[in-house]
Structures are given as structure tokens and as C-alpha cells.
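Following: one structure in C-alpha cells, then a few remarks.
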Amino acid sequence: MTLDDLVLTPTGLRFQGRRYPCSIGRSGRTNSKREGDGATPRGVLQLVGMLYRADRMAAPNAWARPIGPGDLWSDDAALPDYNHLVRAPYDGRSESLRRADPMYDLVILTDWNWPDAEPGRGSAIFIHRWRRRGAPTAGCVALSRPHLHHIARQITPQTRLIIR
């Protein structure tokens with residue numbers, strides 16, 4: 001573990017010597033993540049990408065990629081592209097990455113059950129903006145806008161998300 005790792009603790013997300021308030025899944029943490037359980041999986045997750053709304057903000061980091069109007073995330077465990085970025089039109093269950101609200105204006109992707117997704121083990125664990133302080137997520141880690149943007153400028157592809 002290094003100072004450049006994001007470490008989820010009972011009192012917040014620790015990064016570079018600071019602690020940031022955050023939200024996690026409505027079902028808390030789990031050692032056995034399943035699709036739709038609302039839990040945040042324990043483990044060491046690699047950061048594998050960063051997506052942002054170019055129509056709403058500048059790229060927060062050189063390796064960030066813009067979210068397009070048809071970008072979706074597949075959460076359909078019956079399809080081969082489960083837990084991957086897909087494009088509309090899409091026949092399976094999915095979540096739009098280009099939302100009307102600001103929750104996914106900036107999304108940090110982890111390698112939870114990716115790239116070789118095991119059906120039913122749970123789709124994406126993102127780091128994204130929270131709805132409001134204390135509001136639970138579906139399993140992701142969520143932060144305030146200023147804290148998310150600050151962290152996004154500082155992380156590298158070597159940064160890990162460690163969930164204890």
C-alpha cells in the first residue's frame with residue numbers, strides 16, 4: 001500500500017495523506033459480490049480507465065476519455081459483453097453513461113470482474129460523484145464533486161482502490 005492508493009476505510013476514502021468522505025453500496029461491503037446485491041466488494045482493484053463528459057468539463061487527466069452520446073455499460077450477465085462499455089442501440093440490459101444528472105460526469109473505472117467478466121459476479125465498480133452526502137450507491141464508491149475532481153487530477157493508472 002502506498003500514499004497514492006485510494007484506501008476505503010470505515011471513516012472515508014484515504015488518499016495522499018487526506019481522508020475524503022464517501023458513500024458506498026447500500027448493502028455495505030462484501031467478500032462475495034453478486035449482480036444487483038447493492039454491495040461494495042472488498043479487495044484490491046486496479047484503475048483501468050477514466051471517462052468524462054467533455055460537454056460539461058475539461059479532461060481531468062491526460063488518460064481520460066470522453067463519454068459519447070451512445071455510451072452504455074452492459075449489466076446483462078447473459079450476454080458476452082457483460083460488464084463492458086457498449087454502444088447504443090444495445091439489446092441487453094445496460095446503464096447509460098451519458099446521464100442527464102451529473103453523477104457520471106466523471107467516472108473512474110476499476111477492474112472489478114473485468115475484462116473477463118464472470119456472469120452474475122457483479123458489473124462495474126466505478127468511482128463517481130455522489131447524489132448527496134451519505135446517500136448509498138448500488139455498489140460503487142462515490143465522492144463530492146470537488147473531491148472527485150481533485151483525486152482524478154492526481155491519480156495514475158498505477159493507483160489502486162483498496163477496499164477493506
Side-chain angles (χ1 to χ4, degrees), residues 1 5-15 20-53 63-65 67-68 70-144 147-148 151-152 155-164:
M1 192 174 334
D5 287 328
L6 297 160
V7 181
L8 184 62
T9 72
T11 59
L13 190 66
R14 194 175 67 229
F15 179 64
Y20 299 90
C22 66
S23 295
I24 63 169
R26 67 183 177 278
S27 301
R29 297 177 186 137
T30 186
N31 291 323
S32 55
K33 176 79 178 139
R34 304 305 302 161
E35 187 68 43
D37 66 2
T40 302
R42 286 188 178 94
V44 178
L45 308 180
Q46 299 298 314
L47 304 185
V48 295
M50 185 183 304
L51 305 172
Y52 72 100
R53 287 283 302 264
W63 49 283
R65 299 290 171 249
I67 296 170
D71 287 345
L72 310 169
W73 197 270
S74 173
D75 57 9
D76 196 326
L79 296 178
D81 41 21
Y82 169 59
N83 200 28
H84 284 81
L85 179 69
V86 295
R87 303 266 312 157
Y90 182 70
D91 290 332
R93 280 190 334 268
S94 63
E95 183 175 11
S96 177
L97 294 176
R98 195 172 175 105
R99 297 170 56 112
D101 68 26
M103 194 163 71
Y104 286 177
D105 285 0
L106 174 57
V107 177
I108 300 167
L109 309 173
T110 73
D111 69 345
W112 175 255
N113 199 22
W114 182 93
D116 300 318
E118 179 183 320
R121 191 165 176 236
S123 54
I125 297 300
F126 296 149
I127 302 170
H128 62 74
R129 184 174 169 176
W130 62 26
R131 293 179 196 281
R132 67 187 178 288
R133 186 182 184 121
T137 69
C140 296
V141 175
L143 299 150
S144 70
H147 292 159
L148 178 62
I151 288 169
I155 61 173
T156 71
Q158 288 72 44
T159 301
R160 301 173 301 169
L161 173 60
I162 301 172
I163 302 168
R164 297 179 170 173

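For reference, positions follow the sequence shown, starting with 1. Hydrogens, waters and symmetry mates are skipped; everything else that's a heavy atom, side chains included, is used.
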Only one of [options] forms a side chain to side chain contact (heavy atoms under 4.5 Å, CB included) with [X], so which one is it?
{"X": "Arg65", "options": "Asp71, Leu109, Leu51, Leu85", "answer": "Leu51"}
{"X": "Trp114", "options": "Ile125, Leu45, Val48", "answer": "Val48"}
{"X": "Ile127", "options": "Leu143, Leu106, Val107", "answer": "Leu143"}

Exam field: side chain [X] to backbone [Y], donor-acceptor pair closer than 3.5 Å:
{"X": "Lys33", "Y": "Ala39", "answer": "yes"}
{"X": "Asp76", "Y": "Tyr82", "answer": "no"}
{"X": "Ser27", "Y": "Asp37", "answer": "yes"}
{"X": "Arg53", "Y": "Leu97", "answer": "no"}
{"X": "Ser96", "Y": "Leu72", "answer": "no"}
{"X": "Thr137", "Y": "Ala142", "answer": "no"}
{"X": "His84", "Y": "Pro115", "answer": "yes"}
{"X": "Asp111", "Y": "Gln46", "answer": "yes"}
{"X": "Thr40", "Y": "Ile24", "answer": "no"}

*Nearest 0.5 Å, what's the CG-CG distance between Leu79 and Asp91?*
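Nearest 0.5 Å value for the CG-CG distance: 8.0 Å.
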*At what distance, to the nearest 0.5 angstrom, does CG of Asp105 lie from CD1 of Ile67?*
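Answer for the CG-CD1 pair, Asp105 versus Ile67, is 7.5 Å.
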*Which pairs count as side-chain hydrogen bond (donor to acceptor under 3.5 Å, both in side chains) when at least one residue sits in residues 115-135, sequence neighbours excluded?*
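Output for this query lists Glu35-Ser123.
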Closest approach of [X] and [Y], non-hydrogen atoms and distance?
{"X": "Gly25", "Y": "Pro136", "answer": "C-CB, 4.2 Å"}
{"X": "Trp73", "Y": "Ala124", "answer": "NE1-CB, 3.2 Å"}
{"X": "Gly139", "Y": "Pro41", "answer": "O-CD, 4.2 Å"}

*Using the six-membered ring wherever Trp is involved, compare the ring planes of Tyr20 and Phe15 and label them parallel, tilted or perpendicular (cut-offs 30° and 60°).*
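Because their plane-to-plane angle lies in the 30° to 60° range, the rings of Tyr20 and Phe15 count as tilted.
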*Does Phe126 have its ring centroid less than 6.0 Å away from the ring centroid of Trp112?*
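Ring centroids of Phe126 and Trp112 are no less than 6.0 Å from each other.
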_Can you confirm whether Thr159 sits close enough to Ile151 that some side-chain heavy atom of one is under 4.5 Å from a side-chain heavy atom of the other?_
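Heavy-atom side-chain distance check fails, nothing below 4.5 Å.
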*Can you check whether Met50 reaches Trp63 side chain to side chain, under 4.5 Å on heavy atoms?*
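Result yes, sub-4.5 Å side-chain heavy-atom pair found.
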*Is it the case that Tyr90 and Asp81 place a side-chain donor and acceptor less than 3.5 Å from each other?*
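Indeed, the side chains of Tyr90 and Asp81 share at least one donor-acceptor pair under 3.5 Å.
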_Pair Cys22, Leu8 - check side chain to side chain contact (heavy atoms under 4.5 Å, CB included), show working._
CA-CA 9 Å; Cys22 66; Leu8 184 62; 3.4 Å; yes
*Does the side chain to side chain contact (heavy atoms under 4.5 Å, CB included) test come out yes or no for Ile163 and Arg29, once each step is laid out?*
CA-CA 8 Å; Ile163 302 168; Arg29 297 177 186 137; 4.1 Å; yes
*asked:* Tell me which pairs pass salt bridge (charged side-chain N to carboxylate O under 4.0 Å, His left out) where either residue lies in residues 155-164, with sequence neighbours left out.
replied: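 Passing the test, one end in residues 155-164: Asp5-Arg160.
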